[in-house]
Student: 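What follows is a single structure, and I will ask about it in a moment.
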Amino acid sequence: MNYWLVKSEPFKYSWDDFVKEGKSVWDGVRNYQARNNMMAMKKGDWVFFYHSNEGMEVIGLAEVRKEYFPDPTTEDARWVVVELIPIKKFAKTVTLKTMKADDRLSGLALIKQSRLSVTPVAKAEFDIILSLAE
DNA sequence: GCCAACGTTGGC
DNA sequence: GCCAACGTTGGC
């Protein structure tokens, strides 16, 4: 079991949109590192849902329902998507500020590679963020 | 294959 | 709105 974090600008696609649809095909990723992370996702992996730009916080937990397949929004065979389903919205969101201030999370890929839209989260980091969210 | 120019992301 | 970080493109 692995853990991940995906970013979305809430004006484009928010947690509420995600819940309303009940699932999401994570399309439009056009970055090799982000794509490689999606290709490493296994069914049942857990994924933090993060709001970038507005909010700047981890808002909920999702799960990988379908492993990677070709991105239906492009003819280009290089790009793939995964399908995610919402699990739960957190009682307390975890802000970027909180995560940056926590020494235990200094290695978080979200912080170190701030532009990457799909990042891995270590088990220890996952547990810490989850504990801050409840 | 190098690197300057350019575009995009996202925090502030 | 600004700009740092960084990925991509294209000329050489």
Side-chain angles (χ1 to χ4, degrees):
Chain A
M1 155 90 75
N2 285 307
Y3 307 91
W4 309 93
L5 181 146
V6 296
K7 293 201 276 198
S8 184
E9 296 181 52
F11 281 145
K12 288 182 185 164
Y13 191 80
S14 70
W15 172 262
D16 288 343
D17 296 329
F18 184 33
V19 170
K20 207 175 299 168
E21 291 176 11
K23 63 177 184 180
S24 178
V25 173
W26 211 255
D27 61 28
V29 172
R30 298 291 180 270
N31 171 284
Y32 288 110
Q33 254 186 292
R35 181 207 61 177
N36 292 345
N37 287 335
M38 289 205 296
M39 289 173 96
M41 288 184 187
K42 297 293 178 194
K43 188 175 178 182
D45 280 359
W46 279 343
V47 183
F48 284 133
F49 193 108
Y50 174 84
H51 277 170
S52 62
N53 283 314
E54 292 285 326
M56 295 185 284
E57 60 195 3
V58 177
I59 187 159
L61 182 65
E63 181 180 325
V64 178
R65 166 176 269 183
K66 280 190 193 158
E67 293 174 16
Y68 77 91
F69 56 96
D71 188 334
T73 66
T74 177
E75 297 289 301
D76 194 327
R78 291 176 299 170
W79 306 116
V80 303
V81 296
V82 291
E83 188 177 301
L84 304 177
I85 53 170
I87 301 296
K88 64 173 173 182
K89 187 173 183 173
F90 292 135
K92 288 186 292 182
T93 61
V94 183
T95 64
L96 183 65
K97 192 180 170 193
T98 299
M99 291 186 282
K100 278 190 163 175
D102 194 320
D103 289 342
R104 298 170 300 168
L105 297 175
S106 59
L108 201 63
L110 173 73
I111 295 168
K112 287 165 68 181
Q113 283 176 279
S114 64
R115 289 180 57 217
L116 193 57
S117 60
V118 181
T119 56
V121 179
K123 171 88 168 75
E125 295 165 343
F126 182 88
D127 289 343
I128 291 162
I129 294 169
L130 201 60
S131 73
L132 295 171
E134 293 172 324

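Within every chain, numbering begins at 1; the chains are lettered A, B, ... in the order of the sequence lines, protein sequences first and strands thereafter. Please read all numbers here as calculations on a predicted model, not as lab measurements.
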Student: What nucleic acid atoms does A/Gln113 come within less than 4.0 Å of, heavy atoms only: base, sugar-phosphate, or nothing?
Tutor: nothing
Student: So, OP1 or OP2 of B/dG11: does either fall under 4.0 Å of a side-chain N or O from A/Tyr50?
Tutor: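 Looking at the OP1 and OP2 atoms of B/dG11, one of them is under 4.0 Å from a side-chain N or O of A/Tyr50.
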Student: CD of A/Gln33 versus P of C/dC6: gap in Å, rounded?
Tutor: 10 Å
Student: Let me know the distance between CZ of A/Arg115 and C1' of C/dT8, rounded to the nearest Å.
Tutor: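 Value for this atom pair: 10 Å.
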Student: Which residue pairs satisfy the side-chain hydrogen bond (donor to acceptor under 3.5 Å, both in side chains) criterion with at least one member in residues 111-121 of chain A, sequence neighbours excluded?
Tutor: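 Every pair satisfying side-chain hydrogen bond (donor to acceptor under 3.5 Å, both in side chains) with a residue in residues 111-121 of chain A: A/Gln33-A/Gln113.
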Student: Please check this pair: side chain of A/Asp102 against backbone of A/Met99, looking for a donor-acceptor N/O pair closer than 3.5 Å.
Tutor: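 Not confirmed, A/Asp102 side chain does not pair with A/Met99 backbone.
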Student: From CD1 of A/Ile111 over to P of B/dT9, roughly how many Å is that when rounded to an integer?
Tutor: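 Between P of B/dT9 and CD1 of A/Ile111: 21 Å.
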Student: Scan A/Lys100 against the nucleic acid and name what it touches under 4.0 Å (heavy atoms): base, sugar-phosphate only, or nothing.
Tutor: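 Sugar-phosphate only.
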Student: Look at the rings of A/Phe49 and A/Phe18 and say which category their plane angle falls in: under 30° parallel, 30 to 60° tilted, over 60° perpendicular.
Tutor: parallel
Student: Whole angstroms only, please: what is the CG-C1' distance between A/Asn31 and C/dA5?
Tutor: 13 Å
Student: Separation of A/Leu96 atom CG from B/dC12 atom C1', in whole Å?
Tutor: 10 Å
Student: Side chains of A/Phe126 and A/Trp4: closer than 4.5 Å at any heavy-atom pair?
Tutor: no
Student: In this structure, how many angstroms lie between the C1' atom of C/dT8 and the CG atom of A/Leu116, rounded?
Tutor: 15 Å
Student: Phosphate oxygens OP1/OP2 of B/dT9: is one of them under 4.0 Å from a side-chain N or O of A/Lys7?
Tutor: no
Student: Atom NZ of A/Lys12 and atom C1' of B/dT8: how far apart are they, to the nearest Å?
Tutor: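 That distance rounds to 10 Å.
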Student: Measure CG/A/Asn53 against C1'/C/dC2 and give the value in whole Å, please.
Tutor: 13 Å
